[in-house]
2 protein chains.
Amino acid sequence: MGFWGVTTTVMGTLSAPSTASRRPTLRDVAARAGVSFKTVSRVVNGEPGVSPGVVARVREAADALGYRPNAAATALRRADGRTATIGVLLEDAGNPFFAALLRGIEEVARSRGIAVFASSTDLDPGRERDMTRAYIARQVDALIAAPTEGDFAHLAQAADEGARVVLVDRPATGLDVDVVLTDNRAGSRRGVEHLIAHGHRRIGFVGRDPSIYTSRERFAGYVEALDAAGIPLDMALVRREGATRSSAADHIDNLMSLAEPPTALFTGQDLITMTAAGALQRRRLQDRVAIVGFDDFELADLLQPGVTVIAQDPHAIGRLAAERALGEAASTTTSVVPTRLIERGSGEIRA
Amino acid sequence: MGFWGVTTTVMGTLSAPSTASRRPTLRDVAARAGVSFKTVSRVVNGEPGVSPGVVARVREAADALGYRPNAAATALRRADGRTATIGVLLEDAGNPFFAALLRGIEEVARSRGIAVFASSTDLDPGRERDMTRAYIARQVDALIAAPTEGDFAHLAQAADEGARVVLVDRPATGLDVDVVLTDNRAGSRRGVEHLIAHGHRRIGFVGRDPSIYTSRERFAGYVEALDAAGIPLDMALVRREGATRSSAADHIDNLMSLAEPPTALFTGQDLITMTAAGALQRRRLQDRVAIVGFDDFELADLLQPGVTVIAQDPHAIGRLAAERALGEAASTTTSVVPTRLIERGSGEIRA
DNA sequence: GGCCTGTACGACAACGTTGTCAAGGTCTCA
DNA sequence: TGAGACCTTGACAACGTTGTCGTACAGGCC
């Protein structure tokens with residue numbers, strides 16, 4: 001037992017690369033096929049103007065030697081500077097929302113032979129800047145980012161360097177690039193209206209920090225819905241600060257301890273929703289206090305009652321963003337992906 | 001409304017890269033600083049033998065022009081062929097287990113200035129082969145893969161090309177490379193022993209297809225536990241085929257409809273466990289049939305009863321794999337990461 | 001002053017590929 | 001049969017960087 005209780009067994013000595021010979025190049029293939037290396041280049045790239053017999057000979061030689069083109073040399077030489085590589089900057093690849101988004105990007109990229117760099121920023125602008133620079137150095141063709149707040153100079157620089165920049169999940173003010181967003185405000189409004197339709201007038205809101213764009217939009221939707229129904233906004237029922245996880249439970253406990261507690265809750269993110277559902281369960285209130293959450297999550301239907309949510313479509317966002325990033329760049333667009341209300345029980349509890 | 005009900009708004013015409021000038025090179029910086037380009041190269045790489053005054057002048061010129069080294073040219077020229085890039089091949093970046101594993105890799109990579117290519121194979125060997133080739137072409141320094149079954153020739157080739165290969169989650173027979181594994185067999189045995197300790201003797205097993213390594217190991221642990229307790233293996237209680245999700249529910253329904261149904265279930269993967277918990281709920285059996293699942297999952301503690309699991313530590317696996325991939329290559333090792341039993345109620349229901 | 005040593009810098013080749021252009025051969029048609 | 005067009009192939013420069021080597025100059029010593 002060593003590090004972290006991990007057992008490590010030494011298996012064998014690492015041999016030098018089995019064939020000490022370096023990796024074959026165009027010249028090696030050319031020598032074997034008895035042609036010039038430029039002809040091999042043509043065959044490898046499927047360019048026209050090579051006789052069938054020569055193509056066959058070159059193919060054979062390339063296969064025999066296990067030739068693979070050197071991407072660095074290609075990137076260096078190509079006139080258009082394309083590297084068939086894109087960079088992705090997400091908040092957290094471990095979060096189900098971003099994980100699904102990444103999968104959407106990946107699918108489109110793979111179908112076009114594009115490799116994907118991925119990294120998580122954890123909302124740290126410094127990390128975002130460093131990773132953007134690392135991707136610029138590697139000449140990515142496009143950069144898909146869920147931007148942090150603050151300074152977008154590095155994203156602008158990426159665009160200047162010729163990378164196609166596409167923002168997902170949130171826009172960046174003052175940057176004229178493609179954006180793919182969820183309709184946060186309309187979704188949130190829809191969810192709160194759903195609660196109002198079930199007779200609720202004291203509806204608590206628990207969301208993330210207002211410094212986050214999606215958090216602001218979702219709160220705006222909440223305000224709009226109340227306003228449209230003529231219900232005055234009561235800031236005593238609103239909680240918008242602190243870290244996602246630990247503080248959310250405190251917020252719920254706190255709201256439920258009010259002299260006049262809310263009869264329903266609207267939660268602004270999946271992790272908050274889960275925590276809130278847990279907190280209501282602990283207080284045995286899950287069948288009396290209604291809850292609608294933003295973001296769908298695995299198992300929402302297995303809780304009792306099932307959790308009603310406003311579902312986003314992260315997979316579609318990812319696909320759309322990748323198609324934008326890899327498609328023709330005629331003009332910059334903003335795409336808004338709609339949400340879906342999924343009724344499962346918790347949102348249909350009447351006041 | 002267009003594609004998928006998505007609203008797309010055209011925002012503006014995409015301008016040509018703001019400064020039509022190409023990106024600055026060593027030569028541009030050299031011209032501005034009044035030195036040779038080789039001197040700039042020395043300054044940029046922090047090599048000794050440059051006088052302080054010249055260093056300052058070069059730094060200033062580089063900053064003024066916004067110089068960033070061209071990674072392709074560096075990779076092409078460097079003697080050791082390092083690109084500060086690694087490739088990661090997972091089964092599915094959208095699955096929480098692999099997402100956490102990827103985050104672990106990412107953290108270690110970022111701390112060392114390494115960029116990470118990520119992609120999902122969905123257990124398709126063809127996809128694994130294609131992506132491996134794409135990464136070889138891009139000269140990754142290391143390849144971290146959760147290998148599919150079958151042909152490992154392409155992984156061997158990656159190793160031949162000088163890439164450090166590290167396997168995670170499952171080994172590949174006949175490949176002498178580093179491996180980082182969960183102790184599947186011991187974990188599974190522990191889980192089944194836990195059920196036996198609570199008086200169960202008819203314990204159902206629902207797992208993934210035996211073609212998957214982890215599935216075989218977990219079943220082996222199940223068999224070992226029964227064997228040690230002197231309980232005969234009853235294949236009528238074992239279900240090991242079909243797709244993860246849809247078929248699992250059928251398997252549970254099927255097991256529970258037996259003349260002598262099992263009093264407890266051991267499930268071999270998170271998705272199966274969730275489905276099984278749902279199926280038991282639908283049959284109102286959640287408080288009568290015990291269940292222990294392999295893999296922890298979000299919300300396992302919010303279900304009623306909470307779901308007892310054998311938890312892996314994917315984050316640790318990722319970190320360990322990345323450290324192996326980026327560290328010194330003295331010998332090949334196999335690291336085994338232990339599991340943890342988390343009691344939450346479902347596994348403590350007595351027979 | 002001549003010689004040696006060490007330091008600071010520059011010239012140039014090379015990495016493996018793509019783009020440009022030219023050379024040689026075959027074919028067509030007057 | 002000769003001119004022109006087309007097709008196939010090769011020679012060579014160039015991409016931006018790092019590695020090797022050479023050169024200029026300052027300082028120390030006899």
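Note: hydrogens, waters and symmetry copies are ignored here, and every other heavy atom, side chains too, is used. Per chain, numbering begins at 1; letters A, B, ... match sequence-line order.
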**Item:** Worked verdict on B:Leu101 versus B:Phe97 for side chain to side chain contact (heavy atoms under 4.5 Å, CB included)
**Value:** CA-CA 6 Å; B:Leu101 202 156; B:Phe97 174 79; 4.0 Å; yes

**Complete:** Whole-Å distance, A:Asp80 CG to C:dG19 P, equals 8 Å

**Item:** Neighbours of DNA chain C within residues 39-60 of chain B, by heavy-atom distance under 4.0 Å
**Value:** B:Thr39, B:Arg42, B:Gly49, B:Val50, B:Ser51, B:Val54

**Asked** Does the side chain of A:Thr83 come under 3.5 Å of the side chain of A:Asp141 through a donor N or O and an acceptor N or O?
**Response** yes

**Message:** Pairing donors with acceptors under 3.5 angstrom, does anything connect the side chains of A:Thr333 and A:Asp178?
**Reply:** yes

**Asked** For the pair made of CG in B:Asn70 and C1' in C:dG16, what is the distance, rounded to whole Å?
**Response** 14 Å

**Prompt:** To the side chain of A:Leu76, which of D:dC15, C:dT20, C:dT17 is closest?
**Reply:** D:dC15

**Message:** For a side-chain hydrogen bond (donor to acceptor under 3.5 Å, both in side chains) check, start with the C-alpha distance between B:Tyr135 and B:Ser119, then their side-chain angles and the critical distance, and finish with the verdict.
**Reply:** CA-CA 10 Å; B:Tyr135 293 160; B:Ser119 60; 3.0 Å; yes

**Request:** Select one nucleotide: of C:dA11, D:dG10, C:dT17, the one nearest the side-chain heavy atoms of A:Ser36.
**Result:** D:dG10

**Fill in**
Assert: residue with more 5' nearest nucleotide on DNA chain D, out of B:Ala73 and A:Gly34, is A:Gly34

Could you give the side-chain donor-acceptor pairs of residues 53-66 of chain B under 3.5 Å, partners two or more places apart or in another chain?
residue	atom	partner	partner atom	Å
B:Arg57	NE	B:Ala33	O	3.1
B:Arg57	NH2	B:Ala33	O	3.2

**Nearest-angstrom distance from the residue atom CG of A:Leu26 to P of D:dG10** = 13 Å

**Prompt:** From the list D:dG10, D:dT17, C:dG16, which nucleotide is the closest neighbour of the side chain of A:Arg77?
**Reply:** C:dG16

**Message:** I need the full list of salt bridge (Lys or Arg N to Asp or Glu O under 4.0 Å) pairs touching residues 31-52 of chain A, with sequence neighbours left out, sorted by first then second residue.
**Reply:** none

**Fill in**
Of the listed C:dG19, D:dT17, C:dT17, the closest approach to the A:Lys38 side chain comes from C:dG19

**Request:** Could you pick out which residue, B:Phe37 or A:Arg27, lies toward the 5' side of DNA chain C when each is mapped onto its nearest nucleotide?
**Result:** B:Phe37

